[in-house]
*Asks:* 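Take a look at the following structure, please.
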Number of protein chains: 2
Amino acid sequence: MLELSFNQETVHKLLQASDKPLKAYNILFETQKLGIKSPTQVYRALDKLIELGKVHKIESKNAFVACSKINCSNQNSTFFLICDDCENIIELEDQKITDQLNKTCEKFGSTYKNHTIEISGTCSNCN
Amino acid sequence: MLELSFNQETVHKLLQASDKPLKAYNILFETQKLGIKSPTQVYRALDKLIELGKVHKIESKNAFVACSKINCSNQNSTFFLICDDCENIIELEDQKITDQLNKTCEKFGSTYKNHTIEISGTCSNCN
DNA sequence: TTTAATAATGTAACAATATAACATTACATG
DNA sequence: CATGTAATGTTATATTGTTACATTATTAAA
């Protein structure tokens, strides 16, 4: 598993080339000319890419983005600023917030595993 | 709009009675004996209840919970601790985190509108 | 108390998102 | 080259959510 498979690579490249999150069936549509034929194939590739930390799911949009960071493996906690107008996504990391979420969990006797933070608003271009 | 309609009330009560988030089609199934007949009706009731702040959607689960707070109107920012094992949900408010998210937005020239924070982990009962 | 506006309903069809099941092929590695 | 694991191909189906359109309540003024 050093290299991505053809389907994985195809989906990953498409996401990397996009400035917006893409939906699974848009990915399917876009990659059909490249040989991907069914939703299953798209979702399988996405699952693998997500597992590798190369792609993240935007839960509030049922859409997917390539990870914008370098060494992104093994991280399934995400933090996004999402522009309501242009759909632009900014991917963040914030240790302070992560720490605070951990503390909050402790306070409730819960054990923290991972988080999804999605802020919607308008980005600098759209303000 | 002081009172909820029958469908709204029916869906709301079901959610309030539940200790777990419910999915739309579970709600449909459960309320069929009470007169609700189609997904549309469930989603319409949910939309209204969400608009009123009486129900929230758990984005990472496509499921819905009754708001656990008193004066909850007009708030579409949510913060949940979600137990992976028992699906128990704790609904939180944390002004410190909200402030920090606001600041983060400012730093990127973005305007904050609302947020979705979903932490998954295990709750005190399941630890 | 009619009338007009708004909110909610009922019903059917459909669109969008995601998974299951099962047979097959590629490929690393011992 | 045998064997196990990962990935693929294909079809069907399950789940989640929306559109469209006709109808009925409800409210609140004229």
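None of the values given here were measured: they were computed from a predicted structure. Atom set for the values below is all heavy atoms of this structure, side chains included, hydrogens, waters and symmetry mates excluded. Every chain is numbered from 1, with letters handed out A, B, ... down the list of sequences.
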*Asks:* Might you confirm whether atom CZ of B:Phe108 has over 12 heavy atoms from other residues, nucleotides or ligands at distances under 6.0 Å?
*Replies:*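 Count over threshold, so yes.
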*Asks:* May I have the distance from A:Ile36 (atom CD1) to D:dT8 (atom C1'), rounded to whole angstrom?
*Replies:*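 Atom-to-atom, A:Ile36 to D:dT8, this comes out as 11 Å.
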*Asks:* Rounding to a whole Å, what distance do you find between A:Phe29:CZ and C:dA15:P?
*Replies:*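 Computing the A:Phe29:CZ to C:dA15:P distance gives 16 Å.
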*Asks:* With rounding to the nearest 0.5 Å, note down the distance linking CG in B:Leu28 to CD1 in B:Ile36.
*Replies:*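 If I round to the nearest 0.5 Å, the distance is 8.0 Å.
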*Asks:* Run A:Lys103 and A:Glu106 through salt bridge (charged side-chain N to carboxylate O under 4.0 Å, His left out) and show every step you take.
*Replies:* CA-CA 5 Å; A:Lys103 260 184 245 163; A:Glu106 274 174 37; over 6 Å; no
*Asks:* Whole Å only: how far is the CG atom of A:Leu34 from the C1' atom of D:dT8?
*Replies:*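 Going from CG in A:Leu34 over to C1' in D:dT8 covers 16 Å.
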*Asks:* Among residues at least two apart in sequence or on other chains, which ones pass salt bridge (charged side-chain N to carboxylate O under 4.0 Å, His left out) with B:Glu30?
*Replies:*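 Expected list: B:Lys33.
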*Asks:* Which of these passes side-chain contact (heavy atoms from CB on, under 4.5 Å) with B:Val65: B:His56, B:Gln16, B:Lys20?
*Replies:*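 Only match with B:Val65 under side-chain contact (heavy atoms from CB on, under 4.5 Å): B:His56.
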*Asks:* Please determine whether a side-chain nitrogen or oxygen atom of A:Gln8 lies at a distance below 4.0 Å from atom OP1 or OP2 of D:dA7.
*Replies:*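 For D:dA7, OP1 or OP2 has a side-chain N or O of A:Gln8 closer than 4.0 Å.
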*Asks:* Side chains of B:Asp85 and B:Thr122 only: does a donor on one sit below 3.5 Å from an acceptor on the other?
*Replies:*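 There is no such pair (donor and acceptor under 3.5 Å, judged by atom type) between the side chains of B:Asp85 and B:Thr122.
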*Asks:* B:Asp94 versus B:Ile117: any side-chain heavy-atom pair under 4.5 Å?
*Replies:*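 Answer no - side chains too far apart.
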*Asks:* Which atom names give the shortest non-hydrogen contact between A:Val55 and A:His12, and what distance separates them?
*Replies:*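 The answer is CG2-CD2, 4.1 Å.
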*Asks:* Show me the protein contacts with nucleotides 23-26 of chain D, counting only N or O atoms at under 3.5 Å.
*Replies:*
none

*Asks:* Rounded to whole Å, how long is the line connecting atom CG of B:Leu52 with atom C1' of C:dA7?
*Replies:*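 Nearest whole value for this atom pair: 12 Å.
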*Asks:* Going 5' to 3' through nucleotides 15-21 of chain D, assign each nucleotide B (protein heavy atom under 4.0 Å from a base atom), S (under 4.0 Å only from sugar-phosphate atoms) or - (no protein heavy atom that close).
*Replies:* -BBBBB-
*Asks:* Could you tell me if B:Thr116 and B:Glu59 have a donor-acceptor pair between their side chains, going purely by distance under 3.5 Å?
*Replies:*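 B:Glu59 vs B:Thr116: no donor-acceptor pair found between side chains.
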*Asks:* How long is the line joining CG of A:Leu46 and P of D:dT8, in whole Å?
*Replies:*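 Value for this atom pair: 12 Å.
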*Asks:* Heavy atoms only, 4.0 Å cut-off, all strands: where does B:Ser38 land among base, sugar-phosphate and nothing?
*Replies:*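 Touches a base.
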*Asks:* Expressed as a whole number of angstroms, how long is the span from B:Leu4:CG to C:dA7:C1'?
*Replies:*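 Taking CG of B:Leu4 and C1' of C:dA7, I get 13 Å after rounding.
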*Asks:* Given C:dT9, is OP1 or OP2 found less than 4.0 Å from the side-chain N or O atoms of B:Gln41?
*Replies:*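 Answer is no, no contact under 4.0 Å.
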*Asks:* When you check the phosphate oxygens OP1 and OP2 of C:dG10, does a side-chain N or O of B:Asn7 lie under 4.0 Å from one of them?
*Replies:*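 Checking C:dG10 against B:Asn7, a side-chain N or O does come within under 4.0 Å of OP1 or OP2.
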*Asks:* Mind calculating the distance between NZ (B:Lys48) and P (C:dT6) to the nearest angstrom?
*Replies:*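 Going from B:Lys48 (NZ) to C:dT6 (P), I get 13 Å.
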*Asks:* Figure out the CG/P separation between A:Leu28 and C:dA15, and round it to whole Å.
*Replies:*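 For the pair A:Leu28 CG and C:dA15 P, the rounded distance is 16 Å.
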